[in-house]
Asks: 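Attaching a single structure in structure tokens format; questions to follow.
All chains are named by letter (A, B, ...) in the order of the sequence lines, taking the proteins before the strands, and each is independently numbered beginning at 1. Everything numeric in this text was worked out from a predicted model, so none of it was measured. No hydrogens, no waters, no symmetry mates; every other heavy atom, side chains included, goes into these values.
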Number of protein chains: 2
Amino acid sequence: MNLRELAASLGLSQTTVSRALNGYPEVSTETRLRVEAAARAANYQPNSRARRLATGRAMTIGHVITHTGETEMVNPIFADFLAGAGEVYAREGYDLLLSIVHEGAAERAYRQMAANGSVDGVMVQGPRVEDPRIGLLQELGLPFLVHGRTGESGGYNWLDIANLRAFRRATEFLLDLGHRRIALINGQEAMDFAARRRRGYEEALRARGIAPDPALMSADVMTEGYGHRAAANLLDRGNAPTAFLVSSVISAIGVRQAAIERGLQLGRDISIITHDDVLSYLNNDAEGPAFTATRSSIRAAGRRCAEILIERIKHPNAPFVHELWEAELMVGRSTGPAP
Amino acid sequence: MNLRELAASLGLSQTTVSRALNGYPEVSTETRLRVEAAARAANYQPNSRARRLATGRAMTIGHVITHTGETEMVNPIFADFLAGAGEVYAREGYDLLLSIVHEGAAERAYRQMAANGSVDGVMVQGPRVEDPRIGLLQELGLPFLVHGRTGESGGYNWLDIANLRAFRRATEFLLDLGHRRIALINGQEAMDFAARRRRGYEEALRARGIAPDPALMSADVMTEGYGHRAAANLLDRGNAPTAFLVSSVISAIGVRQAAIERGLQLGRDISIITHDDVLSYLNNDAEGPAFTATRSSIRAAGRRCAEILIERIKHPNAPFVHELWEAELMVGRSTGPAP
DNA sequence: TGCAATGCCCAAAGCGCTTTCAATTCTGGT
DNA sequence: ACCAGAATTGAAAGCGCTTTGGGCATTGCA
């Protein structure tokens, strides 16, 4: 059933039927009701391809997700972020076009989306300290929103969590507990969030007169194995750290495992603070938080990011939106006074 | 730049330009080369909205992912599955339309995709033993492929792993090591894969004259917390199991944690076998597999599923494809003789 | 040389909507 | 009874592409 047939069956023009269904005012209430009833009865659904061509809007938002490096790893937090954003898209009538490509192919993916007209805007995730995507998208004139931000955080919309403050705060918390040798198990520091977290960590140490020790810091893609490996190395040396600051729960699980294998008890012999994105399948909250953590829901971020992006698409010339979310510090059972 | 302008700039008709770019034979090689060069120079990209309307094909595949139950959990294996499928889609020129909805809203999502014409086919993941989606999609006449299968596995395409055999094999492996009290920490048994795994487990036990003990079996959404809780309960009772068979690495991490908290050493005091979907961020292989596991890459499955689905879209009347993959049993450090 | 078969290209008709512009009918005010 | 203006409705022109149905040269064959 298409519009023409529906119109014919009602003895009306396509124009009127289209207007009635799209809520235009110049249709009498009586006809509108008749049209709506008929549409429902016939289970009429406007053809989205035709509508998109006619309106020039794609009613679609693009997410380009890159997998990193040799491991081809897909960051698992994307699933929860997408779930949050997807909720809002569905509510607002937008589709979500997902493109998972290797890092090097991202630029082509964006260019294609822009030239193609298959999306009205794109979501940018996991920005690097210097990220070519920002400039590219500005040049392409495609509305976009960055979850996170780059060093240069001026001329575009972003939503970020206060990574620096979160990690400074977490470090201070450990310092207050008497820890002096605190390790940082960070994500890749080319990523903006990781660079900020490191700065927060270093600032807190320096403020107490402790010089950051490069030997206590590592940075890599945040898998469980990486957490395990990095912690094992540190714990097996002389002068091992008494506390770990870890950038993701997944890596923190590896760190915990390394500690346990060495007979160390969490919260007594060793302390761990992790950043917790509140992933649904790694609930840190189950029976009281296992890990002390800086916490901020990635899913909630996804929701809000979608809202801001849609707002931008509707009003491309509105002033830029910058939203900075504080992470909360949740005290769990993985921290305690320095031994 | 659109087709008309490009054609005008070349002094050719739209027809010829369109044919030249789409590889139709009735264009002279000379003109084809001229057209291709001009298109490249002008960075011409056909408008996908117009093309879709004209061809009637959406060149898009829909994935409807449901989140389950109260926790609103998004199964993390979807990210890797999508990455695999996405590779193939990109290669074949298809887009991936992702819809993440609450379970109850899935039917509407499918109906809309079908009525709307926004996709050429859909991928169905995580089927239940009886899954209404199969019948719905058959009725809607939308090409689809099921990753997994249902009890009724006849009239549709699917790709599945041999869940029953994998878990029978794993159980036999534990029995051969002398274990007699083996716990099953399964996924929700309304899900087809979990039901089959349970049958494999029970078959293996019965074949050795051991009656399956309901007290040793549990089934739930496979989070880390669930694994921890279930294992803790079993270990704290009298007559605790000496081995665990776990349906996902994430839950297995919880099980391991519970064991360790009780001073048990993996592979000596307690054995764990898990199913490993080879998630990129939970590499079980890092420095020799930590867990003994039945293993099958979800990403490889995603790739193959995409291929089969696209094949189906191209040839809707081809005979049904059923592909059953064996999972391999990888022996790691988490299993040993019964104490 | 004549005629059918190719080869190559074009005009125009869709695809199924939205939207502009115009026409018609109804009002209310005079 | 007459007319401006509001209220409704329709015809038709796109949106930018693909594809059908020719048309005109050129070639191959008798």
Asks: Taking the nucleotide of DNA chain C with the nearest heavy atom to each, does B:Val27 or A:Leu3 sit closer to the 5' end?
Replies: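 With B:Val27 and A:Leu3 compared, the 5'-side residue is B:Val27.
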Asks: Strictly below 4.0 Å: does B:Ser18 bring a side-chain N or O up to OP1 or OP2 of D:dT18?
Replies: yes
Asks: Could you check whether A:Gly117 gets within reach of a base, just the sugar-phosphate, or nothing at all, counting any heavy atom under 4.0 Å?
Replies: nothing
Asks: Give the rounded distance in Å between these two atoms: OH of B:Tyr24 and P of D:dT18.
Replies: 8 Å
Asks: Separation of B:Glu26 atom CD from C:dA5 atom P, in whole Å?
Replies: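 To the nearest whole Å, that distance equals 19 Å.
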Asks: Please confirm whether the backbone N or O of A:Arg4 pairs with a side-chain atom of A:Asn2, one donor and one acceptor, at under 3.5 Å?
Replies: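 The answer is yes, because a donor-acceptor pair under 3.5 Å joins these two groups.
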Asks: Does OP1 or OP2 of D:dC17 have a side-chain N or O of B:Tyr44 closer than 4.0 Å?
Replies: yes
Asks: Taking the six-membered ring for Trp and the single ring otherwise, decide whether the centroids of A:Tyr89 and A:His63 are under 6.0 Å apart.
Replies: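 That pair passes the under 6.0 Å test.
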Asks: State whether A:Arg4 places a side-chain N or O below 4.0 Å from either non-bridging phosphate oxygen (OP1 or OP2) of C:dG16.
Replies: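 It does not, given that no N or O in the side chain of A:Arg4 lies less than 4.0 Å from OP1 or OP2 of C:dG16.
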Asks: Between C:dC10, D:dC17, C:dG16, which nucleotide has the shortest distance from any of its atoms to the side chain of A:Ala50?
Replies: C:dG16
Asks: Can you identify which nucleotide, out of D:dT9, D:dC15, C:dC15, has its nearest atom closest to the A:Thr16 side chain?
Replies: D:dT9
Asks: Check this for me, if you would: do B:Glu307 and B:Arg304 make a salt bridge, where the nitrogen-to-carboxylate-oxygen distance has to be below 4.0 angstrom?
Replies: yes
Asks: Touch check for B:Ser28, heavy atoms < 4.0 angstrom, all strands: base, sugar-phosphate only, or nothing?
Replies: sugar-phosphate
Asks: Between P on C:dT18 and CG on A:Asn47, what's the gap in Å once rounded to a whole number?
Replies: 10 Å
Asks: Please determine, for the side chain of B:Ala54, which listed nucleotide (D:dT18, D:dT20, C:dC17) has the closest atom?
Replies: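 Of the options given, the side chain of B:Ala54 lies nearest D:dT18.
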Asks: Separation of A:Gln14 atom CD from C:dT18 atom P, in whole Å?
Replies: 9 Å
Asks: Just checking B:Thr31: base, sugar-phosphate only, or nothing, at a heavy-atom cut-off of under 4.0 Å?
Replies: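 Sugar-phosphate only.
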Asks: Of all the nucleotides listed (D:dT18, D:dC15, D:dA11), which has the minimum atom distance to the side chain of A:Ser13?
Replies: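 Within the option list, the nearest is D:dA11.
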Asks: Do the side chains of A:Glu103 and A:Arg128 get close enough for a salt bridge, i.e. N-O under 4.0 angstrom?
Replies: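 A salt bridge is present here (some side-chain N lies under 4.0 Å from a carboxylate O).
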Asks: How long is the line joining CG of A:Leu53 and P of C:dC15, in whole Å?
Replies: 13 Å
Asks: Check for a donor-acceptor pair, side chain of A:Thr55 on one end and backbone N or O of A:Arg51 on the other, with a separation under 3.5 Å.
Replies: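 Checked: pair present.
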Asks: With nearest nucleotides of DNA chain C determined for A:Asn22 and B:Pro25 from heavy-atom distances, which residue corresponds to the more 5′ nucleotide?
Replies: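 Nearest-nucleotide comparison on DNA chain C picks B:Pro25.
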Asks: Calculate the interatomic distance between B:Arg49 atom CZ and D:dC17 atom C1'; express it in whole Å.
Replies: 12 Å
Asks: Can you tell me the distance, in whole Å, between the CG atom of A:Leu21 and the C1' atom of C:dC17?
Replies: 12 Å
Asks: Rounding to an integer number of Å, can you tell me how far B:Arg57 CZ sits from D:dT18 P?
Replies: 10 Å
Asks: Would you kindly check whether a donor in the side chain of A:Arg19 faces an acceptor in the base of D:dG10, or vice versa, at under 3.5 angstrom?
Replies: yes
Asks: Given D:dT18, is OP1 or OP2 found less than 4.0 Å from the side-chain N or O atoms of B:Thr55?
Replies: no
Asks: Answer yes or no: is there a side-chain heavy-atom contact under 4.5 Å between A:Thr16 and A:Val35?
Replies: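 The answer is no; the side chains never approach within 4.5 Å.
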